[in-house]
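For the single chain, residues carry numbers from 1 onward in sequence order. Atoms within each ligand, like the ligands themselves, are counted from 1 in listed order.
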Amino acid sequence: MFLSKYFLPIVKNTPKDAQVVSHRLMIRSGMIKQDAAGIYSWLPLGLKVLKKISSIIIEEQDNSGAHEMLMPTIQSADLWKESGRYDDYGLEMLRIKDRHERDILFGPTNEEMITDIFRANVKSYRSLPLNLYQIQWKFRDEIRPRFGIMRGREFLMKDGYSFDVDKEKSFEAYNKMFISYLKIFNKLGLTAIPMQADTGPIGGDKSHEFIILAETGESKVFCDKKWKNLDINIEKISYDENLQKIVDKYTSLYAATDEKHDPSLINKNDLLETRGIEVGHIFHFGTKYSEAMGAKVVLPDGNLKPVFMGSYGIGVSRLVGAIIESSHDEAGIKWPKEVSPFDVAVVNLSVGNEKCDNIANKIYNTLKSSGKDVLYDDTNESAGSKLASMDLIGIPYQVIVGSRLAKEDKYEIKNRLTGEINIVSFEQLLEFVV
Ligand code: 5CA
């Protein structure tokens, strides 16, 4: 991609209302633009990151045996009246009337709709277990939208729903998602701590929030100090194993959200009281919705029973902010390779200088043909401004071509994550950009 032809509106001034670093950096690097309180447009650079995060989630959810689908953002109020949540949900629900004066709403979550889809299509225990998920925009009329996309009103969520024949199987589905979430956050380069959590308006008897420790986080959290240095080593675990043992391992070390914290359960000297960002939340609620809405299956003994359910959420758009909160410096964002909007940037500091143009073009073409997604700064900005913008947008590798080194057929490769700079010749390109 040639920067001269791209849409990357870098903002020089830090927006006044942006209190946290991820919000400031997302605005300045042209990833998002605010349209109304808690409502944002995702500009090309931001959308690329959102899509990368989504594809990591999709890959791992599919590995776990869940199936992706897509439900509408707009829902009929009738379903919510059936479950009893239409009145309970309160002011956070955006309620709308259509032209026929019918009550509709912009979905804040989808338990009712998925239960309706299930009851219309599944009649027998033989179709179970089943896990369906989507990545779709949600709307919650938050009283205090803040921190940019971290607490938005419109936000992108992965929401999944499991259906099982009994409580035991339903807990197995819960464990699968527990492990799948640890794998997803690991792949995103994050350490997310599973913490005992409150179930809030979703309801149910068992719940964990996945929290990234960060001073700027909205949630007050309590955990064992050992979590700080714990390596969550989960990649090789297969979904076919007995997952209870592994879930027990990660839940035996104390970690609880503010609502669930019980000081009698942990030695004061081991306790870390800090703040965190909730990037995922899983719930087991058994038959709460299936009973209210008549989602039943025929069991092997011929009896008809409400299906057991759980729901599993990840804040996809919030994750973009959470990753920046945990990976940045004074100059800007430092994207982990897996989610970076581009794999590598080529910066030609002397556009028009024949030698520089030749080297930069050759590097660009070589990287492209080796399958890399490359951003090529071919603009006429000053060298200082180009380098500052590159540090700001945080692509992990910068290949910098300047006139002095170009005379010797050399150029610089800067690793944005480590800060390491190497002066290399053309042949060494793919050794450094991996
Ligand atoms: N139905 C369940 C699970 S599918 C549910 O709605 N869970 S939730 O309310 O906990 O939301 C799931 C995730 O969405 C949260 O863990 C959080 O990461 C994200 N989220 C919730 N509210 C917002 C918001 N206002 N802005 C950005 N992300 C949010």
Side-chain angles (χ1 to χ4, degrees), residues 20 22-23 26 32 34 36-40 42 50 53-54 57 61 66 68-69 71 73 75 80 83 85 89-94 106-115 131-163 173-174 177-178 180-181 184-185 188 190 192-204 206-212 214 217-219 221 257 259 276-285 288-289 309-323 325:
V20 293
S22 58
H23 188 190
M26 287 182 77
I32 52 170
Q34 185 173 356
I39 300 178
Y40 291 85
W42 288 79
L50 208 51
I53 294 174
S54 300
I57 295 174
Q61 285 284 285
E68 193 185 11
M69 61 176 297
M71 290 175 264
T73 53
Q75 305 184 18
W80 288 70
S83 73
R85 279 208 295 180
Y89 215 91
L91 292 172
E92 261 184 31
M93 179 185 278
L94 181 64
F106 197 120
T109 175
N110 281 53
E111 280 78 8
E112 284 76 1
M113 186 170 275
I114 200 79
T115 306
N131 189 318
L132 299 168
Y133 75 96
Q134 66 169 349
I135 293 181
Q136 178 62 293
W137 294 92
K138 304 287 184 292
F139 193 94
R140 293 182 184 171
D141 205 352
E142 300 278 352
I143 187 158
R144 241 188 115 202
R146 56 184 183 154
F147 302 160
I149 45 75
M150 295 248 258
R151 180 161 296 278
R153 292 199 294 164
E154 192 180 45
F155 60 96
L156 191 60
M157 192 201 287
K158 173 257 151 183
D159 46 322
Y161 306 86
S162 65
F163 302 89
Y174 185 92
M177 286 300 108
F178 188 104
S180 187
Y181 276 33
I184 288 168
F185 297 127
L188 292 170
L190 296 168
I193 305 178
M195 301 202 180
Q196 281 183 52
D198 210 24
T199 55
I202 308 293
K206 185 175 159 112
S207 171
H208 287 91
E209 280 180 20
F210 290 78
I211 302 270
I212 311 242
E218 275 193 299
S219 319
V221 294
T257 56
E259 300 84 9
I277 304 168
E278 179 203 327
V279 289
H281 198 164
I282 60 178
F283 303 81
H284 183 266
F285 44 73
K288 174 178 170 177
Y289 298 90
M309 293 172 61
S311 77
Y312 313 92
I314 295 181
V316 183
S317 46
R318 177 177 288 181
L319 268 169
V320 181
I323 292 170
E325 289 293 328

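Each of the following atoms of ligand 1 lies closer than 4.0 Å to a heavy atom of D159: 4 (S). Close approach to T109 involves these atoms of ligand 1, each under 4.0 Å from a residue heavy atom: 1 (N), 2 (C), 6 (O). Numbered from 1 in the order shown, with element, the atoms of ligand 1 that lie under 4.0 Å from a heavy atom of E111 read 1 (N), 2 (C). Less than 4.0 angstrom separates some heavy atom of G280 from each of these atoms of ligand 1: 16 (O). Close approach of ligand 1 to H281 (heavy-atom distance below 4.0 Å) involves ligand atoms 10 (O), 16 (O). Remark: ligand 1 atoms within the under-4.0 Å shell around heavy atoms of I202 are 1 (N), 2 (C), 5 (C), 6 (O).
Here the shortest heavy-atom distance to atom 24 (C) of ligand 1, taken over Y133, F139, F155, belongs to F155.
Residue contacts with ligand 1 for R140 involve side-chain atoms from C-beta outward but no N, CA, C or O (heavy atoms, distance under 4.0 Å). In M157, the part holding a heavy atom less than 4.0 Å from any atom of ligand 1 is the side chain. The side chain of R318, and not its backbone, has at least one atom closer than 4.0 Å to an atom of ligand 1 (non-hydrogen atoms only; side chain from C-beta on). Of all the heavy atoms of N110, none lies under 4.0 Å from any atom of ligand 1, so neither backbone nor side chain is involved. Only the backbone of I149 comes within 4.0 Å of ligand 1, judged by heavy-atom distances. Under 4.0 angstrom from ligand 1, the non-hydrogen atoms of E142 all belong to its side chain.
Within the 4.0 Å heavy-atom shell around ligand 1 one does not find F210. The closest approach between M150 and ligand 1 falls below 4.0 Å for a heavy atom of the residue. Within the 4.0 Å heavy-atom shell around ligand 1 one does not find L156.
Side chains of N110 and Q75: a donor-acceptor N/O pair is present below 3.5 angstrom, by distance only. No hydrogens or angles considered: nothing links the side chains of E209 and T257 as a donor-acceptor pair under 3.5 Å. For Q61 and S180, the side-chain atoms include at least one donor-acceptor pair closer than 3.5 Å. Side-chain contact of E278 with S219: a donor-acceptor pair under 3.5 Å is absent, judged by distance alone.
In terms of modelled atom types and a separation under 3.5 Å, the side chain of K206 and the main chain of G204 share no donor-acceptor contact. Judged by distance alone, the side chain of Q34 and the main-chain N or O of A36 form a donor-acceptor pair under 3.5 Å. Checking side-chain atoms of R153 against main-chain N and O of A37 turns up a donor-acceptor pair under 3.5 Å.
With respect to atom 13 (C) of ligand 1, the closest heavy atom belonging to the protein is G315 N, 3.8 Å. Counting only heavy atoms of the protein, atom 7 (N) of ligand 1 lies nearest to F283 CE1, 3.3 Å. Considering only non-hydrogen protein atoms, atom 26 (N) of ligand 1 sits nearest to G152 N, 3.1 Å.
A centroid separation of less than 6.0 Å is found between the aromatic rings of F210 and F178.
Salt bridge annotation for K288-E111: absent, with no cationic side-chain nitrogen under 4.0 angstrom from a carboxylate oxygen.
Contact check for F185 versus I314: side-chain heavy atoms found under the 4.5 Å cut-off. Taking the side chain as every heavy atom from C-beta outward, Y181 and K158 approach each other to under 4.5 Å. The closest side-chain heavy-atom distance from I202 to R85 is below 4.5 Å. The shortest distance between side-chain heavy atoms of W80 and P108 falls below 4.5 Å.
Of the N or O atoms in E278, one or more lie within a sub-3.5 Å distance of an N or O in ligand 1. Residue Y312 places no N or O, backbone or side chain, under 3.5 Å from any N or O of ligand 1.
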